[in-house]
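Below you'll find the structure, written out as C-alpha cells, and then a few comments.
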Amino acid sequence: MILDQHLNKILIIDFGSQFTQLIARRVRELGVFSEIISHKKIKLKHINNSIKGIVLSGGPLNVYQINKYSFDKKILHLGIPVLGICFGHQILSKLNGGKVKQSKHREFGLANVYKKNNSLLTTNFFGNKKSKQVWMSHADQVSKLPKNFKVIASSTNSKFAIVENKIKKYYGVQFHPEVTHTENGKKLISNFIFFICKIRRNWSSKDQKNQLVKDMRKLIGSNKVICALSGGVDSSVVAQLLNKAIGKKLYCIFVNTGLLRKNEEVQVVQTFKKRLKINLIYVNAEKEFLKKLKNISDPEKKRKIIGNLFIKIFERYAKKIKNVKFLAQGTLYPDLIESRSVTGSQTSKIKSHHNVGGLPKKMNLKLVEPLKFLFKDEVRKLGLELNLSKETISRHPFPGPGLAIRVPGIITNEKIKILKEADDYFIQALKDHGLYHKIWQAYAALLPVKTVGVMGDNRTYEYLCLLRAITSEDGMTADYYEFKKSFMQTISNKIVNSIRGINRVVYDVTSKPPSTIELE
Ligand code: XMP
C-alpha cells in the first residue's frame with residue numbers, strides 16, 4: 001500500500017475494473033496526483049486531509065455479492081466528494097438506499113446518453129448538443145435512485161446514466177468516462193476534480209522532478225547508493241534522478257553482457273559517463289557470459305544463466321564500493337498496485353523474465369524506488385525534464401537477456417556478431433524511413449536454420465534472418481506492423497547484400513497472443 005501523504009490527491013478505490021489504471025492516468029494527465037488502492041485494503045484510518053476526492057472504480061462484481069467486496073462505508077460519509085463509475089455508481093446508489101438489478105439488455109460498447117438536467121459534473125460535457133456518445137460495459141444497472149439523487153442524463157437502456165446528490169457531493173456515471181471511446185469523457189473527470197473536489201494542479205514533470213530530488217536527498221542523506229544501469233528508459237531515469245539528487249554518492253554499474261545491441265555499450269558510456277557525468281562502473285563481461293552459455297539451447301536455461309550471472313557480477317562489483325546502504329531500482333507504479341486480482345485469478349508463467357532491475361535480496365541493502373508512483377509515460381516525461389535525450393527516452397524496449405533470446409538454439413560469438421549487424425541495419429532503416437516511433441518494438445533475430453541461396457553465380461548456404469516489428473499498448477498484446485513492399489525489399493536487400501552469413505530474410509506476421517513478442 002502506498003498512500004503518500006504529502007500531496008493533495010484523488011483516491012481511486014479499485015473494485016477490479018480493467019480500466020482502473022486508466023482512471024488514475026486521466027487524473028494525472030489533468031495535472032493532479034492520484035493513487036489507487038484496493039477495496040480490500042482501504043481503511044478509515046488511511047483517509048487524511050490530502051484526499052480531496054474519491055473515485056469508486058468499476059468491477060466485475062455484483063453489488064449484492066456483499067461477501068466479495070468489502071470496504072469501510074464510513075469513508076463515503078466524511079464530506080469528501082465521491083464519483084462512482086459503473087460498478088462504483090451502483091454501489092453508491094445501493095449504499096444510499098437505491099436499488100440495483102440485472103439490466104434487461106446488457107450494454108457493451110457505444111451508447112448515447114441524453115441530457116436531462118444541468119450539473120457541475122457535466123459542465124461543457126454536452127456542448128451545444130443534447131446527447132453524447134459514451135462507452136458502456138455493464139450487465140447490472142441502478143433501477144431505483146436513492147432519496148435526494150437527481151438524474152442528469154439517461155441512455156436508452158439506463159435511465160440513471162449520470163446522477164448526482166449535490167448536497168452530499170455524490171456523483172455516479174453508468175459508463176466509463178476514462179476510456180477514449182467516451183466522447184469528452186476527460187471533461188467529466190476534469191469537472192469532478194476541479195469544480196467539485198476543488199483540487200489544484202500539483203502534478204507536472206517539473207513538480208515531480210523537484211519533489212523527487214528533495215525526497216531522495218532526505219532519504220539517502222550522506223549514504224551511498226548503487227544502481228544497475230541497463231541503458232533502458234527506467235534505469236536511465238532512476239540514474240539521472242539520483243545523479244541530480246546525490247551526485248557522486250551514486251554508483252551505477254553497467255554490465256556489458258556481450259548480448260547488447262550493436263554499439264550499445266559505447267552509447268551508454270558516452271551518455272552517462274561523458275555527457276551526464278554519472279559515476280559509472282563499466283564491466284566488460286562478454287567472455288564470461290558467452291562461456292556460461294556455451295552449448296545451451298533451452299530458452300529457460302539461457303534466461304536463468306544470464307539472470308544469475310548478472311547478479312553475481314553485479315554483487316562482485318557492488319562489494320568493492322564500501323559502505324553502501326541503498327540499492328536503487330526502477331520499479332514503476334503498475335508493478336506496485338496491489339489490487340490487480342479481485343477475482344483471485346493468476347496468469348500462468350509463460351517466460352521467466354530477467355529484468356536487470358530485479359536485483360539481489362541477500363545483499364542487506366535498502367531499496368530506493370523513486371519511480372514507484374509513476375506510469376511509464378510519466379517516466380518518459382520526467383526523463384526529458386531531467387535532461388535525458390529524446391533518443392534515450394523513446395527507445396524500444398529491450399529484454400534483460402538481450403540477443404541471447406533472439407538466437408534460438410545454441411549461441412556462438414559468430415552468430416551474435418551477425419545478428420548485431422542485421423539488427424542495426426533494420427533499426428537504422430526504420431529511423432531513416434520515419435517508422436521507428438510508429439512501432440512499439442522491432443528487432444532482428446537469427447534462426448538456427450541454414451538455407452540455400454544464389455549470389456552471382458555462386459550457391460550460398462547461410463542463416464535465416466527473421467525481422468519482427470509490432471504495435472502494442474503495453475507489450476501484453478501485440479500486432480505485427482504492416483510495412484510497404486518497397487520498405488521490405490530495401491531492408492531485405494540491405495541485410496543479404498551487406499552481411500556475410502545471411503542469405504534470406506523473413507518477416508514475422510504473428511500477433512501476441514498466440515505468439516509472444518520475443519522468440520524465446
Ligand atoms: P514477450 O516475449 O513476453 O515480451 O511477449 C513482452 C515484452 O517484454 C520484454 N521481455 C523482457 N524484458 N526481461 C525484460 O526486462 C526479460 O526477460 C524479458 N523477456 C521479454 C520483451 O522484449 C517485450 O517488450
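Numbers here are sequence positions counted from 1. One-based numbering, in listed order, for ligands and for the atoms of each.
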Element-labelled atoms of ligand 1 that are located less than 4.0 Å from some non-hydrogen atom of [X]:
| X | result |
| --- | --- |
| Arg303 | 16 (C), 17 (O), 18 (C), 19 (N) |
| Pro401 | 13 (N), 16 (C), 17 (O) |
| Pro397 | 24 (O) |
| Thr516 | 1 (P), 2 (O), 5 (O) |
| Lys512 | 1 (P), 3 (O), 5 (O), 6 (C) |

Next on the checklist: With nothing but distance in play, are any N or O atoms of Glu518 less than 3.5 Å from an N or O of ligand 1?
Outcome noted: yes
Checklist entry - For ligand 1, is there an N or O atom under 3.5 Å from any N or O atom of Arg406? => result no
Checklist outcome for this item: Checking heavy atoms under 4.0 Å, the part of Tyr443 that sits near ligand 1 is neither
Item to check | Part of Pro399 with heavy atoms under 4.0 Å of ligand 1, whether side chain, backbone, both or neither | outcome: both
Next on the checklist: Would Arg504 and Tyr463 count as a cation-pi pair here, with the cationic atom under 6.0 angstrom from the ring centre and within 45° of the axis?
Outcome noted: no
Checklist entry - Can Arg25 be said to sit on top of Phe375's aromatic six-ring, NZ or CZ under 6.0 Å from centre and within 45° of the ring axis? => result yes
Item to check | Side chain Asn387, main chain Ser389, donor-acceptor under 3.5 Å | outcome: no
Next on the checklist: Under 6.0 Å between ring centres: does that hold for Trp203 and Phe33?
Outcome noted: yes
Checklist entry - How close do Gln441 and Pro397 get, heavy atom to heavy atom, and via which atoms? => result NE2-O, 3.0 Å
Checklist entry - Please walk me through it: do Tyr436 and His396 pass ring-ring contact (aromatic ring centres under 6.0 Å, His included)? => result CA-CA 8 Å; Tyr436 185 79; His396 288 176; 3.8 Å; yes
Item to check | Partner of Tyr507 by ring pair (Phe, Tyr, Trp, His ring centres under 6.0 Å), out of Phe426, Phe483, Phe487 | outcome: Phe483
